[in-house]
Amino acid sequence: MRGRDKRCDAIRSTGRVRIFPTKLLKHGEPMSEDLARPTPLAPAYDPAQVEDTWYAWWEGRRLFHAEPDPTRKSFTVVIPPPNITGMLTMGHVLNNTLQDVFVRWHRMRGENAVWIPGTDHAGIATQTVVEKALKKDEGKSRHDLGREEFLRRVWEWRGKYGDIIVRQLRKLGVSCDWDRTVFTMDPELSVAVREVFIRLYRKGLVYRGKRIINWDPVSHTALSDEEVVFKEQQGKLWHIRYPVMIDGRPSTDAFLVVATTRPETMLGDTAVAVHPEDERYQKYIGHTVFLPLMEREIPIVADTYVERGFGTGVVKITPAHDPNDFAVAERHGLPRINVMNVDASINEEGGVYAGLDRYDARARIVADLEVGGFLEKIEDYTHSVGFSDRTDVPVEPYLSDQWFVAMQSLAEPALGVVRDGVVKFYPERWVKTYEHWMTNIRDWTISRQLWWGHRIPVFYCDACGWQDALQEHPAACPACGVGGVRQDEDVLDTWFSSWLWPFSVHHWPKDSLDLRTFYPSSVLVTGPDIIFFWVARMIMAGLEFMPDIPLPDGSPRTEAKDLVPFHDVYFTSIIRDEKGRKMSKSLGNSPDPLDVIAEYGADALRFTVAYLAPLGQDVLFSTKKCEIGRNFANKLWNAGRFLLMNKEKVEADGWSFRDGAWHASDGSVEPASADMPLEDRWILSRLHETTAALHETMDKYRVNDMAKALYEFVWHDYCDWYIELIKERLYSNDAGVRRETLARALGVYDAMLRLLHPIMPFITEEIWHKVEPGREEASLMTQRLPEADHAVIDASAVMEMTFLQSLVEGVRTIQGEMNVPAGKTCDVVINCHDESQLRVVRENTHFLERLARIGAIDAAVGAARPRLSASTVVAGADVFVPLEGLIDITVERQRLTKEIERVTGLLKGIDSKLGNAKFVGNAPEDVVAREKEKQSSFRTMLDKLHTNLQSLEND
RNA sequence: GGGUUCUUAGCUCAGUUGGUUAGAGCGCUACCUUGACAUGGUAGAGGUCACAGGUUCGACUCCUGUAGAACCCACCA
């Protein structure tokens, strides 16, 4: 550990607020007068002291709230609703930081920005959580309670815990319009869900059918595909002989051998299949085989699904226990025999094996096959098996009745709007993924065998066979008037409410100004993993269900751009840990964002995440990286602290600073002078260049570029150079100069705060309130963002400043290399390239003196090199630093030689380029011109370097 | 098997239509308590841009192939 860290650790352990130089503490001396003097801001920024306060202040004043206003441009974002079972993860942090940056940015551009929050009922996840608690606390299952009571308990649970995530989000600083908070199972949203179901039902797009689903034999529920995790398993491949039937009896020497990983499912076999072009088996197609153990005769069918090269090229077909077999059976009209109970034990269809667990049955069956001589061989085989994400048991493919949505007709228009760019994807490459899925779309299984969710609004009359989809449960059968009516037992897939989210949050199907105005939303921010489950389906739903709702002016909504749910989709990065692994609960590699916020502050976390997340690339995150944001916040804080310390001094003379100008005690306003010194013209140029870049990057959703541009400007331009440059003026004897300087520095700082606010809302609000009095009732979040004014950009100021910076760096380098003691200044002789350069040097000698510990500067065109000087060449000027007694000739010789080598190399490259007729002939003129310019400047540089080296040798 | 993406400094990553002296942060080395900031400052070391071809006057950037990594989809019984 380095000394500095040791010192700091000792100090940190005493408390984090103030860090003092060790010397003072070590000697036990009282703090010096100067350090003890109260300053407007503490030396180190402490986010914990301000963040909650500001959030409550914003929320209390309803600053996040927006009302529809057709006369203004709306900027709408609808949150991807977190699950009510959810806890804030790094994924949420990234996703919601981005949304908040967008929303705050557009709000500060004067748009009517609204961000609609809400939560998702998360069918399986929530039901599982509540069931677990029920089991643990009362030892009961949901069946013990019954449906009604169980649902009451779930609602109770959601009342207690369902908004934890939403409260956690507030810690991040998100500017959601909490007045508009909705929940997917709110009464009005449930109306929307039923309405959509009914409309699709009437159109014939919702239908009931049989399908193989993922069955969890422990929790007795169907699982969605995304709740099944595949794991590599060491298994066996059993080769079983199915005797061919010849003349009505099983052959004793002709077999079709099937290879299977699941011999127990043979109880439900209704065919064997071969590839239609497989020469080995073609003669058997249309014949039958004898199914061992069950002693059934089953057909041999031909289907291209069979892979000739795999196994034996013969597949047993078990339609009720394998999705592919099910499809084969559909094509060939084969019967389906379900041989399992809901707990995956063998049912009565399994003959003597009935009642056995699936794995016990497997052992018995294999043994019996062996005995019967039907087992040809057993091979070791590694394959992947689907496990339940919830209970960690192998999922059983299971045949059951389910509800489906026919997707074809919905998908086609939804594909079109993405292809045509009505909905734009960022990054664009996801369009391909989307197209692939949409052109191979399968019908959507929307029923779930759960209790928690929107119950399928289909009603049946057992007396007369009536069936219909309705909003309300009818008291008696509308058809026969006699029978009682029962509702379908299943609930809808959670995504069935999610796909309506962009308009159900505005209480569709009810027409309202909210819905008319705030739909469609501007940008959706979500992960690419749910492009199919959610994004695609929302687009379909918008196109299908929104044409009824007029535009704000009452005209019909017909154009695709008004029907789609959002115009842009921003696909976020995936947050991984340092080793590149996905963050997950089971790995325990996901830091708790609340801990991170407590340690570093929400602004630091937000900035870091935005800074690290380029559009479309994964992010390797570790808590330590939040130092980027924390240090940056601290830098900003201290720059503000410096300005405010100086402001206090001016105010002590009776002046006050309001609206960006100084007011004298008599109330008169001090006008800003028209002539600005170089550093002011330069920093304003840089500010406007940066502002232009920020607007550009935000339009392209390149948030990391935006964060970098801000970082660069604040830290390097403003703090490293500008503040150092103005210190001289701030300490001037002329009070007018001090005020003028500070006013301009504060002006630029104010612009910085605005530009930073969307990404770091807390610290900027905190400082902004301290900069000027009279802001008690105002908020930075509703101020306007600066716009770039290209007229302010002063190219010559930028050039001059760049030159001066190079001079400073050149001298510093020499001082560093020659180990010039820190307290010592050096004189400098500058041989300027021309008169205008000389003028710049003369006008700014004070900078050079201040920033590079320079004593006297002797500048002239043609100035001679003093003896025993170290030298460097900057923009065609020689910079000589006479170092009699300090110079190490060897080091200096090495430096110059190395430099000569470097420039020689560069020049060689350019020479050969320009010597190449093809280059000169083909390259654009400006490129050639630039090369020529470089060539001449490198030549003069090289000449000078050679001369200076020669002189050094002569010393 | 199909698709997408990635490989640039010790580490994590930028590099937006091909023309830069290839950048940043962290880490490393040396120096620094000078009135905002040691959560800081200054300087420095460190890269044949995975590899091999090709296109081009010119390739980190475009094309092809190879090797490695990741993700998504479909999963072969």
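We use all heavy atoms of the structure for the numbers below, so side chains are in, but hydrogens, waters and symmetry mates are not. As the structure is a prediction and not an experimental result, all values here were calculated from the model. Chain letters run A, B, ... following the sequence lines, proteins first, then strands; residues in each count from 1.
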Chemist: Using the closest heavy atom to pick a nucleotide of RNA chain B for each, name whichever of A:Ile910 or A:Trp715 lands nearer the 5' end.
Modeler: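 The residue closer to the strand's 5' end, by nearest nucleotide, is A:Ile910.
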Chemist: Looking for any heavy atom pair under 4.0 Å, which part of the strands does A:Tyr731 touch: base, sugar-phosphate only, or nothing?
Modeler: sugar-phosphate
Chemist: With rounding to whole Å, what would you report as the distance between B:rU34 and B:rC51 at their P atoms?
Modeler: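 Approximately 48 Å lies between the P atom of B:rU34 and that of B:rC51.
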Chemist: Taking any heavy-atom pair under 4.0 Å as a contact, classify A:Glu712: base, sugar-phosphate, or nothing.
Modeler: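 The answer is nothing, as A:Glu712 stays clear of every strand by at least 4.0 Å.
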Chemist: What nucleotide among B:rU20, B:rU4, B:rA43 has an atom nearest to a side-chain atom of A:Lys432?
Modeler: B:rU4
Chemist: Is the phosphate of B:rU39, meaning OP1 or OP2, less than 4.0 Å from a side-chain N or O of A:Lys625?
Modeler: no
Chemist: Could you say whether A:Tyr611 or A:Asn634 is positioned toward the 5' end of RNA chain B, judged by the nucleotide with the nearest heavy atom to each?
Modeler: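 On the 5' side of the pair lies A:Tyr611.
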Chemist: Quickly work out the A:Ile854 CD1 to B:rU42 C1' distance and round it to whole Å.
Modeler: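 Taking atom C1' of B:rU42 as the reference, CD1 of A:Ile854 is at 14 Å.
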Chemist: Among residues at least two apart in sequence or on other chains, which ones pass side-chain hydrogen bond (donor to acceptor under 3.5 Å, both in side chains) with A:Arg850?
Modeler: none
Chemist: Separation of A:Asp303 atom CG from B:rA77 atom C1', in whole Å?
Modeler: 13 Å
Chemist: Using the C1' atom in both, what is the distance from B:rG41 to B:rA36, to the nearest Å?
Modeler: 12 Å
Chemist: B:rA43, B:rU4, B:rG19: which one has an atom nearest the side-chain heavy atoms of A:Arg429?
Modeler: B:rU4
Chemist: Please confirm whether the backbone N or O of A:Glu376 pairs with a side-chain atom of A:Arg241, one donor and one acceptor, at under 3.5 Å?
Modeler: no
Chemist: Select base, sugar-phosphate, or nothing to describe what A:Asp325 touches, counting heavy atoms under 4.0 Å on all strands.
Modeler: nothing
Chemist: Do the side-chain N or O atoms of A:Trp721 get closer than 4.0 angstrom to the phosphate oxygens (OP1, OP2) of B:rU42?
Modeler: no
Chemist: Which value, in whole Å, describes the distance between the C1' atoms of nucleotides B:rA9 and B:rA14?
Modeler: 13 Å
Chemist: Kindly write out the residues that satisfy ring pair (Phe, Tyr, Trp, His ring centres under 6.0 Å) with A:Trp721, not counting sequence neighbours, or none if the list is empty.
Modeler: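 Once residues adjacent in sequence are excluded, A:Trp721 has no partner under the ring pair (Phe, Tyr, Trp, His ring centres under 6.0 Å) criterion.
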Chemist: Just call it for A:Lys908: base, sugar-phosphate, or nothing, with non-hydrogen atoms closer than 4.0 Å on any strand.
Modeler: nothing
Chemist: Is the side chain of A:Asn916 donor-acceptor paired with the backbone N or O of A:Ser912 at a distance under 3.5 Å, no angle test?
Modeler: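 No, the answer is negative, given that no donor and acceptor are paired below the 3.5 Å cut-off.
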Chemist: Is the distance from OP1 or OP2 of B:rG23 to the nearest side-chain N or O of A:Lys708 less than 4.0 Å?
Modeler: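 Answer no for this pair, as no side-chain N or O of A:Lys708 is under 4.0 Å from OP1 or OP2.
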Chemist: What is the nucleic acid contact for A:Glu809, judged by heavy atoms within less than 4.0 Å: base, sugar-phosphate only, or nothing?
Modeler: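 Sugar-phosphate, backbone atoms only, no base.
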Chemist: Write down the distance between CZ (A:Phe642) and C1' (B:rA36), rounded to a whole number of angstrom.
Modeler: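 From A:Phe642 CZ to B:rA36 C1': 6 Å.
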Chemist: For residues 706-715 of chain A, dump all side-chain donor-acceptor pairs below 3.5 Å to protein atoms at least two apart in sequence or in another chain.
Modeler:
none

Chemist: Who pairs with A:Thr825 by side-chain contact (heavy atoms from CB on, under 4.5 Å), at least two apart in sequence or on another chain?
Modeler: A:Arg853
Chemist: Quick one: which residue pairs count as a salt bridge (Lys or Arg N to Asp or Glu O under 4.0 Å) with a foot in residues 263-273 of chain A, not counting sequence neighbours?
Modeler: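 Sorted result for residues 263-273 of chain A: A:Arg262-A:Glu264, A:Glu264-A:Arg362, A:Asp269-A:Lys316.
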Chemist: In whole Å, I'd like the distance from the CG atom of A:Leu851 to the C1' atom of B:rA43.
Modeler: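 Interatomic distance, CG of A:Leu851 to C1' of B:rA43: 15 Å.
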Chemist: Nearest whole angstrom, please: distance from the C1' of B:rA74 to the CG of A:Asp322.
Modeler: 14 Å
Chemist: Take atom P in B:rU7 and the same atom in B:rC13, then report the distance between them in whole Å.
Modeler: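 Looking at atom P only, B:rU7 and B:rC13 are 10 Å apart.
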Chemist: Using a heavy-atom cut-off of 4.0 Å across all strands, would you classify A:Lys635 as base, sugar-phosphate, or nothing?
Modeler: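 Base, at least one base heavy atom under 4.0 Å.
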Chemist: Grab the N/O contacts between the protein and nucleotides 55-59 of chain B below 3.5 Å, and write none if there aren't any.
Modeler:
unit_1, atom_1, unit_2, atom_2, d
B:rC57, OP1, A:Asn922, ND2, 3.4
B:rC57, O2', A:Asn916, ND2, 3.0

Chemist: Provide the distance between the two C1' atoms, one in B:rC11 and one in B:rG35, to the nearest whole Å.
Modeler: 37 Å
Chemist: Inspect the contact between A:Arg812 and A:Glu809 and indicate whether a charged nitrogen and a carboxylate oxygen are less than 4.0 angstrom apart.
Modeler: no
Chemist: Please determine whether a side-chain nitrogen or oxygen atom of A:Asn324 lies at a distance below 4.0 Å from atom OP1 or OP2 of B:rC76.
Modeler: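 Yes, A:Asn324 has a side-chain N/O under 4.0 Å of OP1/OP2 on B:rC76.
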Chemist: Got a sec, which residues hit salt bridge (Lys or Arg N to Asp or Glu O under 4.0 Å) with A:Glu849, two or more places apart in sequence or on another chain?
Modeler: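 Residues passing salt bridge (Lys or Arg N to Asp or Glu O under 4.0 Å) with A:Glu849: none at all.
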Chemist: What residues, two or more places apart in sequence or in another chain, satisfy side-chain hydrogen bond (donor to acceptor under 3.5 Å, both in side chains) together with A:Lys377?
Modeler: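 A:Glu379.
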Chemist: Take atom CG of A:Leu807 and atom C1' of B:rA43, then tell me their distance rounded to the nearest Å.
Modeler: 17 Å
Chemist: Between B:rG1 and B:rC57, how far apart are the two P atoms, rounded to whole Å?
Modeler: 40 Å
Chemist: Want to know the stems of RNA chain B: at least 3 consecutive Watson-Crick or G-U pairs with distances under 3.5 Å, which are they?
Modeler: B:1-7 with B:67-73, B:10-13 with B:23-26, B:28-32 with B:40-44, B:50-54 with B:62-66
Chemist: Identify each atom pair where a protein N or O and an N or O of nucleotides 16-18 of chain B are less than 3.5 Å apart, giving names and distance.
Modeler:
unit_1, atom_1, unit_2, atom_2, d
B:rU16, O2, A:Arg702, NE, 3.4
B:rU16, O2, A:Arg702, NH1, 3.2

Chemist: With P as the reference atom in both, quote the distance from B:rA22 to B:rC49 in angstrom, rounded to an integer.
Modeler: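 Approximately 11 Å lies between the P atom of B:rA22 and that of B:rC49.
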Chemist: Could you state the NE2-P distance from A:His436 to B:rA74, rounded to the nearest angstrom?
Modeler: 9 Å
Chemist: Going by the rule side-chain hydrogen bond (donor to acceptor under 3.5 Å, both in side chains), which residues pair with A:Thr741 if we only count those two or more places apart in sequence or in a different chain?
Modeler: A:Arg729
Chemist: Only counting residues at least two apart or in another chain, list the ones meeting side-chain hydrogen bond (donor to acceptor under 3.5 Å, both in side chains) with A:Tyr701.
Modeler: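 By the side-chain hydrogen bond (donor to acceptor under 3.5 Å, both in side chains) rule, A:Tyr701 matches A:Asp568.
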Chemist: Quick one: label A:Lys316 by what it contacts on the DNA or RNA (base, sugar-phosphate, nothing), any heavy atom closer than 4.0 Å.
Modeler: nothing
Chemist: Give the rounded distance in Å between these two atoms: CG of A:Leu643 and P of B:rC37.
Modeler: 13 Å
Chemist: For A:Glu724, which contact category applies under a 4.0 Å heavy-atom criterion: base, sugar-phosphate, or nothing?
Modeler: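 Base, at least one base atom sits under 4.0 Å.
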Chemist: Which part of the nucleic acid, if any, lies within contact of A:Thr433, taking any heavy atom under 4.0 Å across all strands shown: a base, the sugar-phosphate backbone alone, or nothing?
Modeler: nothing
Chemist: Looking at the side chain of A:Asn631, which of B:rU42, B:rG40, B:rU21 is the nearest nucleotide?
Modeler: B:rG40
Chemist: Please determine if A:Lys635 forms a cation-pi arrangement with A:Tyr718, meaning its NZ or CZ atom is less than 6.0 Å from the six-membered ring centre and no more than 45° off the ring axis.
Modeler: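 No cation-pi geometry.
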Chemist: Taking 4.0 angstrom as the limit, do A:Asp911 and A:Arg939 come out as a salt bridge?
Modeler: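 Looking at A:Asp911 and A:Arg939, the cut-off is met.
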Chemist: May I ask you to verify whether the side chain of A:Arg902 and the base of B:rU21 hold a donor-acceptor pair under 3.5 Å?
Modeler: yes
Chemist: Are A:Phe425 and A:Trp430 an aromatic pair, judged by ring center distance below 6.0 Å?
Modeler: no
Chemist: Heavy atoms only, 4.0 Å cut-off, all strands: where does A:Trp238 land among base, sugar-phosphate and nothing?
Modeler: nothing
Chemist: With sugar-phosphate meaning primed atoms plus P, OP1 and OP2, does A:Arg853 contact a base, only sugar-phosphate, or nothing at under 4.0 Å between heavy atoms?
Modeler: nothing
Chemist: Does A:Lys898 place a side-chain N or O at less than 4.0 Å from the phosphate oxygens OP1/OP2 of B:rA45?
Modeler: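 Looking at the OP1 and OP2 atoms of B:rA45, one of them is under 4.0 Å from a side-chain N or O of A:Lys898.
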Chemist: Among B:rU21, B:rC37, B:rG44, find the nucleotide with the atom closest to the side chain of A:Phe938.
Modeler: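 Of B:rU21, B:rC37, B:rG44, B:rU21 is nearest to the side chain of A:Phe938.
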